[in-house]
Undergrad: 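Just dropping this structure here.
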Amino acid sequence: MSGIALIWAANVKGLKPAAKVVLIQLADFHNKQTNRCDPSAQRLADECEMSRATVFRHLTELENLGLVSRQSKGDGSGGRGSNQYELHLDVVLGPSSKPKEKSQNETGGVVSKNEGKSLNGETGVVSNCDTNLTIEPGKNHCVSETATHTDFFDQFWEAHPRPNDETLSKQLFEEAVEAGADPAHIVAAAVAYEAENTGNSRQYLKMSDNWLAEGRWKNHRPPKKANRATTEEMLDFWAERINSGKFVAPSSVNPITARALVDSGRVPPEKLKERGIAA
């Protein structure tokens, strides 16, 4: 832990509350010798009390503002390991949520060039919208809090049994969605692909980029029903998968569903915690 990093994170201004929580928790893992923070995605999500998809969304926002750099590292077998994070302690945000350039006295003659804008020109500042971290019915929320392609891709990346080339995979995923594919269906197909190949050697599985390029999700056919599943049927579905030990991506079960599973007595809270699902 680095006290300097925690003080820096606490004094960053203009972030949405949830993004600030992620930044502070990340700073708590800061190593002042390496200037890196290397918590696992699940550990960081647990500390923030958020789903991993939500944490990834806020990390992207922090990256776009120039506060954090994120680098993926392999697990030694062709898969994806934990991310490595670097905090840019020389960047300070003000009320406008844009990096302020430090004086040359403060930075030793080096001036930060980061403009602090995200890829779509937006900043992470809260502007006239609800800042409550919980989503309540009937409220008008910020656009950034709604589900995005990135959320679905993060779920896909976690679910696919052989993730490879994240940048290309994300590009192919977005191209498929823009062409009319249902992102939820792609995620479900990746979950099914993993389940179908349990116990098989990774070398015989399609890498995520090739899997997407070949449109392999189209082979997945979910059970047909005349009507949309009721809430009870949906809860029964998740309860069966969680209690039986089948694969469930933690980010695929949102906190509201998780709480309903516990409140209805379908899944004990310790089972959700064991599976890394936030309630």
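For clarity, every value in this text was computed on a predicted model and none was experimentally measured. Both backbone and side-chain heavy atoms feed into the values below; hydrogens, waters and symmetry mates do not.
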Undergrad: Can a salt bridge be assigned to the pair E240 and K246 using a cut-off of 4.0 Å between side-chain N and carboxylate O?
TA: yes
Undergrad: Look at K16 together with E61 and state whether they make a salt bridge at an N to O cut-off of under 4.0 Å.
TA: yes
Undergrad: Above 12 or not: heavy atoms from other molecules or residues under 6.0 Å from CZ of R259?
TA: yes
Undergrad: Tell me whether K206 contacts the main-chain N or O of R162 through its side chain, where contact means a donor paired with an acceptor under 3.5 Å.
TA: no
Undergrad: For the residue pair P250 and R52, what are the closest heavy atoms and their distance?
TA: CD-NH2, 3.5 Å
Undergrad: Calculate, to the nearest 0.5 Å, the distance between atoms CG and CZ belonging to L62 and R57 respectively.
TA: 12.0 Å
Undergrad: Would you say the side chain of H160 lies within less than 4.5 Å of the side chain of L205, judging by non-hydrogen atoms?
TA: no
Undergrad: Please check if any side-chain donor atom of E214 sits under 3.5 Å from a side-chain acceptor atom of N210, or the reverse.
TA: no
Undergrad: Write down the atom of H58, the atom of V22, and the distance for their closest heavy-atom approach.
TA: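 Heavy atoms only, the tightest pair is CB-CG2, 3.9 Å.
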Undergrad: When you compare the side chain of R36 with that of F29, does any pair of heavy atoms fall below 4.5 Å?
TA: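 No - every pair of side-chain heavy atoms lies 4.5 Å or more apart.
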Undergrad: Going by atom types only, do S208 and S169 share a side-chain donor-acceptor pair under 3.5 Å?
TA: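 Looking only at side-chain atoms, S169 and S208 do form a donor-acceptor pair, the distance falling under 3.5 Å.
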Undergrad: Do the side chains of R266 and D236 get close enough for a salt bridge, i.e. N-O under 4.0 angstrom?
TA: yes
Undergrad: Are K170 and E166 ion-paired here, with the side-chain N under 4.0 Å from a carboxylate O?
TA: no
Undergrad: Minimum heavy-atom separation for A260 and L235, please, with both atom names.
TA: CB-CD2, 3.9 Å
Undergrad: Considering residues at least two apart in sequence or located in another chain, which fulfil the side chain to side chain contact (heavy atoms under 4.5 Å, CB included) criterion with A176?
TA: A181, I186, W217
